[in-house]
K.L.:
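Input: one structure, supplied below.
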Amino acid sequence: DEFDKLLKQAKGTIDVTARKAIVGQMEKIMQDHGPIVTPFFMDVWQIAAKKVHGIPQSPEEYPIYHEAWVDKS
């Protein structure tokens, strides 16, 4: 019941930081009571020129460019 409640909450949350915390609680439930084992965590890299700014990290590993900007100085 708690997992289902958190799942509904995560699906309705657009704030990435809040969703990440909710999914973390879901993962803890699955690790404690479910058929899940986390064998490793993959490093995620984002590389951009030093002039490029405003590209946030994304838990989905997709680059988000809508707020990116280039320093032309």
Side-chain angles (χ1 to χ4, degrees):
D1 292 336
E2 182 183 358
F3 184 88
D4 291 338
K5 178 183 169 189
L6 290 169
L7 179 60
K8 286 180 185 178
Q9 187 178 357
K11 286 182 176 182
T13 303
I14 60 173
D15 177 9
V16 174
T17 303
R19 186 173 355 117
K20 195 174 186 180
I22 296 166
V23 172
Q25 293 174 27
M26 293 169 61
E27 288 176 355
K28 178 76 170 127
I29 291 170
M30 290 298 290
Q31 288 174 347
D32 291 346
H33 306 289
I36 187 173
V37 176
T38 307
F40 65 91
F41 292 94
M42 184 173 66
D43 286 334
V44 178
W45 294 84
Q46 278 189 340
I47 300 172
K50 291 182 180 182
K51 297 192 290 184
V52 179
H53 304 277
I55 304 174
Q57 292 289 331
S58 170
E60 294 87 15
E61 301 176 32
Y62 296 113
I64 301 171
Y65 295 116
H66 70 278
E67 294 183 0
W69 56 278
V70 176
D71 182 3
K72 296 183 181 183
S73 59

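Values below: all heavy atoms of this structure, side chains included; hydrogens, waters and symmetry mates excluded. Owing to the predicted nature of the structure, the values given are computational and were not obtained by experimental measurement.
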K.L.:
Hey, what do you get for CD (Q25) to CZ (F3), rounding to the nearest 0.5 Å?
P.N.:
11.5 Å

K.L.:
Just list the side-chain donor-acceptor pairs under 3.5 Å for residues 63-73, sequence neighbours left out, or say none.
P.N.:
unit_1 : atom_1 : unit_2 : atom_2 : d
D71    : OD1    : S73    : N      : 3.1
D71    : OD1    : S73    : OG     : 2.7
D71    : OD2    : S73    : OG     : 3.3

K.L.:
NE2 of H33 to CD of E2: how many Å apart, nearest 0.5 Å?
P.N.:
8.0 Å

K.L.:
State the CD1-CG distance between I22 and L7, to the nearest 0.5 angstrom.
P.N.:
10.0 Å

K.L.:
Enumerate, atom names and distances included, each donor-acceptor pair closer than 3.5 Å involving a side-chain atom of residues 12-19, sequence neighbours excluded.
P.N.:
unit_1 : atom_1 : unit_2 : atom_2 : d
T13    : OG1    : Q9     : O      : 2.6
D15    : OD1    : T17    : N      : 3.3
R19    : NE     : T13    : O      : 3.1
R19    : NH1    : E60    : OE2    : 3.1

K.L.:
Pair L6, I29 - check side chain to side chain contact (heavy atoms under 4.5 Å, CB included), show working.
P.N.:
CA-CA 10 Å; L6 290 169; I29 291 170; 3.7 Å; yes

K.L.:
Would you call K28 and D32 a salt bridge, taking side-chain N to carboxylate O under 4.0 Å as the test?
P.N.:
yes

K.L.:
What distance do M26 atom CE and M30 atom CE have between them, rounded to the nearest 0.5 Å?
P.N.:
8.5 Å

